[in-house]
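Remember, it's a predicted structure, so these values are computed and weren't measured experimentally. Chain naming here is simple, since letters A, B, ... match the order of the sequence lines and numbering starts at 1 in each.
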Amino acid sequence: MEYNFQEIEKKWQAFWKENNVYRVDIDLSRPKYYVLDMFPYPSGAGLHVGHPLGYIASDIYARYKTLKGYNALHPMGYDSFGLPAEQYAIQTGTHPAVTTENNIERYRKQLDNIGFSFDWSREIRTSDPKYYKWTQWAFIKMFQSYYCFDVNQARPIEELVDCFQQQGSYGLNVACEEKMLFSAEEWNAKSEREQQEILMNYRLAYLGDSMVNWCPQLGTVLANDEVINGLSERGGFPVERKKMKQWSLRITAYAQRLLDGLAAVDWPEPLKEIQTNWIGRSEGASMFFEIKGLQEKIEIFTTRPDTIFGATFMVLAPEHEVVATLATPEYQTQVCEYVTWAKNRSEIERMAERKVSGQFTGAYAINPFTGNEIPIYIADYVLMGYGTGAIMAVPAHDSRDFAFARHFSLPIIQVVRQPNEKIIPVEEWEESYDSKDGAMINSGFINGMEVKKAISAVNDKIVELGIGEKKINYRLRDAIFSRQRYWGEPIPVYYKDGIPYVLDEKELPLTLPEVDKYLPTETGDPPLARAKHWKTKEGYPLETSTMPGFAGSSAYYLRYMDPNNETALCSPESVNYWQNVDLYLGGREHATGHLIYSRFWNKFLFDLGLTFNDEPFKKLINQGMIQGRSNFVYRIVGSNKFVSCNLKSPYETQELHVDVNIVSNDILDIEKFKKWRPEFEKSEFILEDDGKYHCGWGVEKMGKRYHNVVNPDDIAERYGADTLRLYEMFLGPLEQSKPWDTNGIEGVFRFLKKFWRLFHNENYEFCVSEEIAVKEELKVLHKTIKKIEEDIERFSFNTAVSAFMICINELTDLKCNKREILEPLTILISSFAPHIAEELWSLLGHSASVTKAAFPKFNEAYLVENSFEYPVSINGKTRFKLSLPIDAPISDIEKAALATEEVKKWIEGKQVRKVIVVPKKIINIVV
RNA sequence: GCUCGGAUGGCGGAAUAGGUAGACGCGAGGGACUUAAAAUCCCUUGGCCGCAAGGCUGUGCGGGUUCGAUUCCCGCUCCGAGUACCA
């Protein structure tokens with residue numbers, strides 16, 4: 001039979017399904033290996049050829065690990081809550097659950113077409129109440145916990161209550177919104193409402209006033225990572241800053257652990273760096289400045305306490321709470337105006353025009369070290385959200401302060417002199433000197449000290465004077481956890497007398513109620529407020545916000561370990577066996593979202609004793625994007641004439657995208673083009689000498705609007721899933737972005753046909769010889785085993801595919817059809833092209849799936865050579881080759897090389913200055 | 001602005017520890033088989049010079065280290081990604 005991929009693939013996909021071939025269970029006799037893909041959001045558009053790239057790579061690795069004797073867990077599911085289904089519901093009234101179900105069905109069909117080894121018995125969906133029960137459960141646990149920095153762990157909130165009852169809040173080292181000080185008596189005297197309000201300050205999931213990113217068009221708040229350049233990630237709508245009462249997760253409590261944990265994981269360095277920057281740790285000091293004529297003090301944060309003697313003014317964020325009391329009567333109006341102006345400026349405006357602005361308040365602070373009075377300004381370059389919202393400005397050594405000082409003609413004092421500095425008066429400086437390299441001047445007791453020493457000296461002094469302390473600040477913000485939307489997990493909270501309480505675990509899941517419309521109510525409440533009886537049994541109103549997208553994806557990898565457990569997220573046995581994810585594959589775009597949140601979530605569960613490891617994902621690989629390769633046609637402006645790409649220069653043309661599926665090797669199929677769009681039906685063409693219309697091309701994102709979408713189903717239909725899998729890997733390095741170009745696929749398709757033909761005679765009858773293989777054939781096999789194993793281990797799948805091609809070419813040349821060679825080769829290729837491998841494996845007479853086979857053992861002995869062909873270079877330029885015994889001593893190699901005719905010719909009487917011999921590498925002769 | 005990547009034929013890319021640059025595949029050109037097409041197979045294919053043997057040149061640009069650099073170091077250009085007043 002000829003290579004009939006359609007029949008073969010259908011047959012084996014059915015076989016795998018019927019026989020549960022890819023089902024895995026806990027098996028203590030085998031080591032485990034957990035391979036995970038970032039699960040998809042099932043969008044309405046279905047998969048394009050770029051989506052399965054990571055799944056194919058992980059599938060190859062999971063299959064490889066299984067062949068290597070591991071018990072490989074390779075699950076798949078759907079991140080099925082999300083905005084698109086909800087917006088579709090708003091437009092059409094279709095319940096998001098229905099849309100989601102349909103999309104999942106389509107996704108599943110497409111995935112099944114590619115022949116993955118997913119254990120579908122473990123499928124999960126984040127929108128399934130059986131699953132989101134555990135998302136809600138984790139929220140409750142966070143509500144019932146606080147974070148203690150002494151033990152660096154989340155602890156039950158009862159412990160904190162005990163502590164308050166016995167000793168009050170003095171001396172606590174815990175994570176909180178604001179430091180509160182009260183004694184045990186004071187605590188015990190407080191009302192239930194007051195106590196609950198205080199506890200909210202400590203809970204890991206808390207309801208609090210926070211500055212949020214409010215998106216009016218979407219009618220919801222967004223997390224920082226969901227806002228890109230002042231626009232919403234979904235939809236690209238403007239986002240404003242607004243103060244709102246919202247649920248948040250105190251992820252900042254884990255900032256240091258999130259940072260430290262990065263050292264322990266095998267992730268790409270750039271990704272770790274993105275996370276490090278996002279967490280943004282900075283060491284410095286906080287300091288209180290007295291205000292002339294006022295009782296109040298202002299706390300500032302600085303990373304350069306050493307420059308305190310150069311602090312010539314102070315700047316507050318416009319939203320800073322003391323601004324109102326601070327402004328002197330004569331400046332009151334201007335200050336108010338500035339605050340209003342700053343508040344009304346959108347994020348985009350702020351980003352677009354970054355010019356110096358600010359307003360003097362009329363007030364003065366006292367520099368605690370110099371005793372000088374320094375003016376207090378407000379300006380929007382100081383942000384309320386970072387540090388204390390107030391800074392001491394050192395214009396000589398901070399570029400922003402420098403620009404501000406120049407603009408408002410404020411004094412600049414140099415306090416750091418860089419090594420070997422040419423002395424220029426500060427008035428003539430063109431920029432500030434921000435570097436920490438140098439020594440202090442004009443700085444009292446720290447004069448002459450190096451910056452580093454000065455920092456610690458000033459820090460000590462601050463503590464000594466009782467005006468501040470050393471402080472570490474993080475850029476990371478708490479994660480806003482409320483979304484004013486329908487299609488998400490309901491937050492399991494009810495309100496009694498306006499005080500929020502969490503539901504009892506026994507009442508979970510709190511399922512999503514039916515609503516008449518998926519829009520906010522007339523009063524601006526979230527869609528859930530439309531639900532009838534959205535109350536507890538006792539009649540208390542339930543929370544109407546739902547959880548954000550990252551909630552459901554934060555612990556899904558744990559659920560795969562034990563997906564049907566009704567009494568726990570996952571059993572201790574399953575966690576102890578599967579532990580954490582060994583290999584995680586996904587895109588880099590999740591660096592500051594999902595990958596931070598799920599690390600946090602996992603650490604929290606770890607503190608509760610529920611996860612095996614502090615870090616959820618041991619090794620991570622970011623697969624690159626597959627871009628689209630677009631084709632263009634050129635219409636002569638004002639006509640219906642199209643000119644071929646290479647002839648277009650004399651004309652004024654308009655470049656139009658053309659559907660890549662009617663173009664082959666950049667040659668336009670004119671008939672299909674005419675039928676593609678009615679307006680092209682009567683178009684004319686200027687063709688090239690070969691009588692063809694050549695299209696232009698370019699690399700763009702793959703998407704409908706560029707007409708460059710290639711559907712994997714079409715490829716599988718024409719060439720088969722095995723060809724698709726191989727070609728996706730063959731395109732280029734896994735981590736690199738590369739354009740899809742269907743033209744090249746013929747090459748791998750030819751390769752599979754060639755591979756098939758090795759097992760068959762000229763009449764396409766299965767024909768494998770039982771003869772013993774010769775040395776040459778064994779060499780080819782073992783060379784390939786070695787190469788494939790090495791390439792898979794370093795995730796270099798593109799070179800692995802090349803190695804297969806070379807191997808098959810060589811065996812075809814050798815006319816080798818021996819079982820001894822072909823059988824191991826079938827196993828080898830089975831992780832890349834499982835369907836053809838299964839078919840050939842069964843033709844070879846095996847009844848069990850090739851999945852149950854063992855990865856062939858590599859034998860070095862077949863590769864041992866007794867001679868090596870040395871490239872011989874003269875002055876570094878390779879001239880000819882010389883075959884010499886492999887174990888020849890260096891002196892012999894040298895002599896042999898010098899004795900050759902070629903060398904004599906090249907030297908031509910010149911003096912040999914040096915001979916370099918690197919065994920099994922090269923001979924270089926210098927003349 | 002800052003941070004991090006990247007640049008190799010007509011195209012995708014290879015060179016794993018500084019040692020034959022361009023593997024493998026596509027495309028292109030030529031040929032075999034065929035009435036023809038498909039399929040298959042063979043040859044050529046970085047550039048320049050040469051009938052040829054062969055020579056010169058060549059991994060974004062300029063320099064350096066080395067017997068030898070796509071690989072290491074310094075400077076620059078261009079492209080991509082992340083981030084954005086974080087004190």
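By the ring pair (Phe, Tyr, Trp, His ring centres under 6.0 Å) test, Trp697(A) is found to be paired with no residue, residues two or more places apart in sequence or in another chain being considered. Residues passing the side-chain contact (heavy atoms from CB on, under 4.5 Å) test with Ala285(A), sequence neighbours excluded: Pro305(A), Asn459(A), Ile462(A).
Look at CZ on Arg718(A): it is 11 Å from P on A39(B), rounded to the nearest Å. Nucleotide G12(B) holds its C1' atom 16 Å from the CG atom of Leu726(A), rounded to whole Å. Put simply, NZ on Lys921(A) is 9 Å from P on G18(B), counting in whole angstrom units. Summarising the geometry, the separation between CG on Leu898(A) and C1' on C67(B) is reported as 14 Å, rounded to the nearest angstrom. Look at CD on Glu762(A): it is 14 Å from C1' on C41(B), rounded to the nearest Å. Atoms OH (Tyr377(A)) and P (C85(B)) sit 23 Å apart, rounded to a whole Å. Look at NZ on Lys738(A): it is 15 Å from P on A7(B), rounded to the nearest Å. In this structure, Asp398(A) places its CG atom 14 Å from C1' of G1(B), rounding to the nearest Å.
Residue Gln736(A) is classed as a sugar-phosphate contact, given heavy-atom separations below 4.0 Å to backbone atoms only. Within the 4.0 angstrom heavy-atom criterion, base atoms lie near Ile916(A).
Comparing U20(B), A87(B), U83(B) against the side chain of Thr302(A) picks out A87(B) as the nearest. When each of U20(B), C67(B), U40(B) is scored by its nearest atom to the side-chain atoms of Val926(A), the top-ranked nucleotide is C67(B). Closest to the side chain of Pro270(A), from the set A87(B), C4(B), G12(B), is C4(B). For Phe730(A), taking side-chain heavy atoms from C-beta onward, the closest of the listed nucleotides A84(B), G25(B), C11(B) is G25(B).
For G62(B), the base adopts the anti conformation, since its glycosidic angle falls more than 90 degrees from zero.
Around NZ of Lys272(A), the count of heavy atoms belonging to other residues, nucleotides or ligands within 6.0 Å exceeds 12. Surrounding NZ of Lys779(A) are at most 12 heavy atoms belonging to other residues, nucleotides or ligands under 6.0 Å away. Within a 6.0 Å radius of CZ in Arg718(A), no more than 12 heavy atoms belonging to other residues, nucleotides or ligands are found.
Pair assignment for G62(B): C74(B), on the basis of Watson-Crick or G-U wobble contacts that are both within less than 3.5 Å. When both distances must be under 3.5 Å, the Watson-Crick or G-U wobble mate of C67(B) is G19(B). For G25(B), the paired nucleotide is C11(B), the pair qualifying as Watson-Crick or G-U wobble because both relevant distances are below 3.5 Å.
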Step by step, work out the salt bridge (Lys or Arg N to Asp or Glu O under 4.0 Å) result for Glu299(A) and Lys297(A). CA-CA 7 Å; Glu299(A) 188 185 13; Lys297(A) 289 176 182 174; over 6 Å; no
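Not one side-chain nitrogen or oxygen of Arg629(A) sits closer than 4.0 Å to the OP1 or OP2 atom of G12(B). Side-chain N/O atoms of Ser282(A) include one lying less than 4.0 angstrom from OP1 or OP2 on A87(B). Asn809(A) has a side-chain polar atom (N or O) that falls below the 4.0 Å cut-off from OP1 or OP2 of G25(B). Between A14(B) and Asn798(A), a contact under 4.0 Å exists linking OP1 or OP2 to a side-chain N or O.
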Can you pull every protein N or O that's under 3.5 Å from an N or O on nucleotides 52-56 of chain B?
residue : atom : partner   : partner atom : Å
C56(B)  : OP2  : Arg879(A) : NH1          : 3.4

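Side-chain contact, Asn924(A) with Lys914(A): no donor N or O sits under 3.5 Å from an acceptor N or O.
For the pair Arg475(A) and Trp278(A), the distance from NZ or CZ to the six-membered ring centre is under 6.0 Å and the angle to the ring normal is within 45 degrees.
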